[in-house]
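For reference, the structure is listed below as structure tokens.
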Amino acid sequence: MNILIVVINRYCGPVPVIPIGACLVAEATRREGHAVRVLDLMFVKDPVSSLESELVKFNPDIVGLSVRNIDNNDMQNPVAFFRDLKPLAKTIRSKTRSALVLGGAAVAVMPEELLRYTGADWAILGDGEVVFPQLAASLSQGEFPNQIPGVAWLDDGIFRKNTGYVTRFSDGCLVPGFHRWIDTHAYLSRLSTVPIQTKLGCHFKCVYCTYRKTEGYDYRFCNPAVVVDTIERLAGKGFRDIEFVDNVFNPPMIMHWPSVMALPEPDLMFVSRAWN
Ligand code: SF4
């Protein structure tokens with residue numbers, strides 16, 4: 001199948017964020033044999049016309065809209081990012097017969113509302129690089145993919161979701177080949193860091209936090225040796241600013257220090273910038 005993944009985030013403050021999730025999803029879906037393209041709207045002048053042009057060129061069977069944030073969390077200067085979805089969804093519906101799928105961290109927070117707002121067919125609640133390829137496989141077989149854990153949909157206007165368990169880090173795939181999917185030079189020239197994720201979940205229960213919806217309470221860890229290999233590989237490709245984007249860095253301490261201690265010196269200088 002032809003699958004187009006559209007990264008809708010255009011917010012550049014304080015620096016543009018490299019869309020690791022969308023790139024991971026693209027790479028995992030490509031590994032399953034699909035033709036996959038990523039349209040990153042971060043730096044384009046006109047998102048709707050860029051999307052129209054891509055739809056004509058690629059003629060996708062499935063379009064995934066990757067939504068990073070619902071809003072900017074700023075009560076004094078609020079910006080509602082979810083509103084960007086409406087014209088994009090309308091364009092996809094008017095130009096194609098593609099299945100329309102929502103994914104990204106924001107979707108796991110408000111799946112029902114975003115499904116209703118956009119009229120999308122499906123929403124991904126679990127780890128996208130696991131769930132989305134399964135969804136694509138199911139759709140390619142002409143199936144109704146309600147048996148896939150991590151998928152949500154509207155059934156005659158009633159919100160449904162499959163809450164089955166989704167595993168991740170099973171194949172050690174921590175970072176995608178960013179160059180394949182996005183304009184890395186555009187990001188790096190604006191001081192973006194290269195994100196790496198070493199664990200999911202958080203056992204704290206801060207009342208304002210949405211991580212429990214996106215990653216759950218239980219920790220899921222990547223092997224520290226794989227983390228080190230990944231960092232060395234990124235450094236070997238010339239990436240110098242690599243940022244741990246785990247929801248919290250330190251807890252639990254025992255998981256990170258093996259990675260840190262294993263980094264070779266002086267080739268790799270480790271500078272920790274952690275909030276928790
Ligand atoms: S991710 Fe941070 S804010 Fe959220 S529950 Fe954990 S410690 Fe609290």
Side-chain angles (χ1 to χ4, degrees), residues 7-9 11-25 66-82 102-114 123-132 149-150 152 161 163-170 172-176 192-224 226-228 230-231 241-260 270-276:
V7 182
I8 78 157
N9 182 35
Y11 191 65
C12 289
V15 295
V17 175
I18 288 178
I20 183 173
C23 293
L24 278 172
V25 169
S66 177
V67 194
R68 181 171 184 264
N69 294 111
I70 292 168
D71 57 39
N72 64 345
N73 275 333
D74 184 342
M75 290 180 70
Q76 292 184 323
N77 300 290
V79 181
F81 300 131
F82 73 88
L102 302 179
V107 176
V109 177
M110 302 181 76
E112 179 176 354
E113 291 81 357
L114 292 177
I124 304 290
L125 308 185
D127 305 325
E129 67 275 33
V130 176
V131 180
F132 188 80
K161 62 181 175 181
T163 55
Y165 186 71
V166 178
T167 58
R168 190 177 162 192
F169 290 149
S170 55
C173 176
L174 287 176
V175 293
S192 302
T193 56
V194 178
I196 183 170
Q197 225 175 357
T198 69
K199 68 174 177 298
L200 296 166
C202 178
H203 70 183
F204 298 108
K205 297 179 180 174
C206 305
V207 291
Y208 54 84
C209 182
T210 57
Y211 267 102
R212 65 185 178 279
K213 288 190 170 182
T214 58
E215 298 184 3
Y217 288 125
D218 299 327
Y219 286 120
R220 290 173 285 158
F221 302 106
C222 181
N223 184 324
V226 176
V227 175
V228 173
T230 304
I231 292 172
D241 296 312
I242 298 166
E243 182 175 4
F244 288 84
V245 293
D246 300 349
N247 47 42
V248 286
F249 182 76
N250 286 320
M253 292 285 283
I254 194 168
M255 284 311 297
H256 274 301
W257 292 109
S259 308
V260 174
F270 184 86
V271 179
S272 172
R273 185 174 65 180
W275 283 266
N276 293 90

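Note that the structure is a prediction, hence the values are computed from the model and not measured. Atoms within a ligand are numbered from 1 in the order they appear, just like the ligands themselves.
Atoms of ligand 1 found under 4.0 Å from any heavy atom of Val248 (numbered from 1 in listed order, with element): 2 (Fe), 7 (S). Atoms of ligand 1 lying under 4.0 Å from any heavy atom of Tyr208, numbered from 1 in the order shown and given with element: 3 (S). Interface atoms of ligand 1 facing Asn247, defined by a heavy-atom separation under 4.0 Å, are 1 (S).
Counting all heavy atoms, side chain and backbone alike, Arg220 lies closest to Glu215 at NH2-O, 3.0 Å. Between Ile124 and Val107 the shortest heavy-atom distance is O-CG1, 3.9 Å. Nearest heavy-atom pair across Ser192 and Pro16 is OG-O, 2.6 Å.
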Run the side chain to side chain contact (heavy atoms under 4.5 Å, CB included) test on Val248 and Lys199 for me, step by step, so that the C-alpha distance in whole Å, both residues' side-chain angles and the decisive distance to 0.1 Å come before the verdict.
CA-CA 9 Å; Val248 286; Lys199 68 174 177 298; 4.2 Å; yes
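Considering each of Cys202, Cys209, Gly201, the one bringing a non-hydrogen atom nearest atom 6 (Fe) of ligand 1 is Cys202.
In this structure, Tyr219 and His203 have tilted ring planes: the angle between them lies in the 30° to 60° band.
By the criterion of a heavy-atom distance under 4.0 Å, both the backbone and the side chain of Phe204 are placed next to ligand 1.
Metal site remark for atom 8 (Fe) of ligand 1: Cys206 contributes an N, O or S atom at a distance under 2.8 Å.
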